[in-house]
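Everything on this sheet refers to the single structure shown next.
Atoms within a ligand are numbered from 1 in the order they appear, just like the ligands themselves. Just so you know, these numbers come straight off a predicted model, no measurement behind them.
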Amino acid sequence: MATPSLSWFCFVILLCSAAAEALEGSFSVELIHRDSPKSPFYVPSETPFQRAGKAVRRSIARVRGIRSNDKGEPSAGITRIDADYLINITIGTPPVSIVAIADTGSNLIWTQSPPCDHCFPQEKPLFNPRESSTCAEVDCNSDECHLFDRTNCASQGSTCQYSVSYGDKLSSVGNISTDIIGLSTLTGSAVTFPGMVFGCGFNNRGPFSTHTSGVVGLGPGDASLVSQIGGNEGSHFAYCLVPFFSTGKYTSKLTFGSDALLSGDGIVTTPLIIDSDTLYYHMTLEGISINGKKFEVSGSSEDDDITGNMIIDSGTTLTWLPSDLYRQIEPEVSAAIDLPRAKDPIEGYNLCYESSGVLKGAPSITIHFTGADVVLNWYNAFFQVKENITCFSFVPTGGQPMYGNLAQMDFMISYDLDLFTLSFKPYDCAN
Ligand SMILES: *[C@@H]1O[C@H](CO)[C@@H](O)[C@H](O)[C@H]1NC(C)=O
Ligand SMILES: *[C@@H]1O[C@H](CO)[C@@H](O)[C@H](O)[C@H]1NC(C)=O
Ligand SMILES: *[C@@H]1O[C@H](CO)[C@@H](O)[C@H](O)[C@H]1NC(C)=O
């Protein structure tokens, strides 16, 4: 068989295999925790607790706002892109592998591309759109161009450009293109999606790590990976994050298709609210129960609108509570735990104890979202950050409250972007 038809044939097979998996309804890919052995960030000499400490510091950096409120608490609001999970994708024909930051707080998929005005050093080869036979630039007049909010079209008919920034310092500017994006599934097969819209970044600024070569936005906007795949597979996805100290042994997963819709017992569902910038997934936190005693978010019994008051973010480690609510629950948590208090080794925490392993006397904690009571495991709220120190990983913020990834571990969390619901099911994610 002649080479051209062979490659044409393979191309068809790839599309066919994607279609076949799509018909079967589901596939899962790995979400790589950045401190796990499969991550390029992995430092073998670090102890698990050093990694835990780094995750907390990252979380604080990710949310520490430019402004603080008058009580000196950090005002949450994501200002950094160094999220906790990575995702591998391929782009183009032949496929080029990209290790990207998986970010639920943004929508674009982009990678660095030559010719660069300014590219940060990256370990993996650059994706060159000219070397991909399936890559096409997007015209300013096309629908694809309008998937992006911040597009820049110098003149009608010219190449559609994007510009995205993550806080003060990090940004990427480039051309919008379309090409095949491939994912390798946990069953070992490849799924490919032709005609995916993404950015070829030629002006990328800020302290991006050399270990990654771009960002995969998992946000609610039309250009995100989940929305673009969702267009084919039904607009829903789910993920299951394995507990922090098991990330080396087990795989956290991101699931598309029918398996992303939960079934069985123990499912609770709350409305999913998308902000007008379509950047974040919000839900409504009404209160928290500690050992059965309920504390409400202030405003929930008055006329104040608390709808959508909390962001769910897979990229940040800690959970940031409205300071009023935090102040109510802290004494209750501390009264429940009869262990010697320890000095916070990280300076981000309020409550730390001398304890290692299972925390003795950890109170039972239920998070009350509208319509959904999520009953936590002790390790969703307490995190060991040193040999003998475990801290309460819920902290107060004067800014945007966020539901971080420690609180989400060992839950299958399903996002339905058609019905605008978010469902939680307790799950052994290592299984
Ligand atoms: C992701 O890609 C990197 C670099 O190509 C590779 O080392 C790593 O094993 C991949 N991880 C997974 C889970 O596929
Ligand atoms: C961006 O588009 C312009 C105009 O088509 C082209 O000259 C340039 O090479 C493109 N750059 C990238 C990185 O795709
Ligand atoms: C941990 O703290 C407890 C309580 O103070 C103490 O009894 C124990 O010796 C400490 N263990 C280590 C390894 O430091």
Report task. For V99, take its heavy atoms, then give the atoms of ligand 1 lying under 4.0 Å from any of them. Result -> 2 (O), 3 (C), 4 (C)

Requested in this report: Identify, by atom number and element, the atoms of ligand 1 in contact range of N88, meaning under 4.0 Å from any of its heavy atoms.
Outcome: 1 (C), 2 (O), 3 (C), 8 (C), 10 (C), 11 (N), 12 (C), 14 (O)

Requested in this report: Measure the CD1-CZ distance between I101 and R34 for me, rounded to the nearest 0.5 Å.
Outcome: 7.5 Å

Report summary line: For ligand 2, protein residues within the heavy-atom limit of under 4.0 Å are S113, P114, P115, P129, R130, E137, T159, N175, C200, F202

Query raised in the report: Can you list the residues that meet the side chain to side chain contact (heavy atoms under 4.5 Å, CB included) rule with F245, with sequence neighbours excluded?
Result: P48, F49, A52, F383, Q384

Query raised in the report: Of all residues at least two apart in sequence or in a different chain, which pass the side chain to side chain contact (heavy atoms under 4.5 Å, CB included) check with S113?
Result: T111, F127, P129, C200

Report task. Using the six-membered ring wherever Trp is involved, compare the ring planes of H33 and F244 and label them parallel, tilted or perpendicular (cut-offs 30° and 60°). Result -> perpendicular

Requested in this report: Evaluate the ring planes of W110 and F208, with Trp represented by its six-membered ring, and classify them as parallel (under 30°), tilted (30 to 60°) or perpendicular (over 60°).
Outcome: perpendicular

Just list the side-chain donor-acceptor pairs under 3.5 Å for residues 260-274, sequence neighbours left out, or say none.
unit_1	atom_1	unit_2	atom_2	d
T269	OG1	S423	OG	2.8
T270	OG1	T370	O	2.6

Report task. Decide whether an N or O pair under 3.5 Å exists between K124 and ligand 1. Result -> yes

Query raised in the report: Can an N or O of E30 be found at a distance shorter than 3.5 Å from an N or O of ligand 1?
Result: no

Query raised in the report: Would you call D259 and K253 a salt bridge, using N to O less than 4.0 angstrom?
Result: no

Query raised in the report: Yes or no on disulfide (SG to SG under 2.5 Å) for C352 and C391, after CA distance, side-chain angles and deciding distance?
Result: CA-CA 4 Å; C352 294; C391 301; 2.1 Å; yes

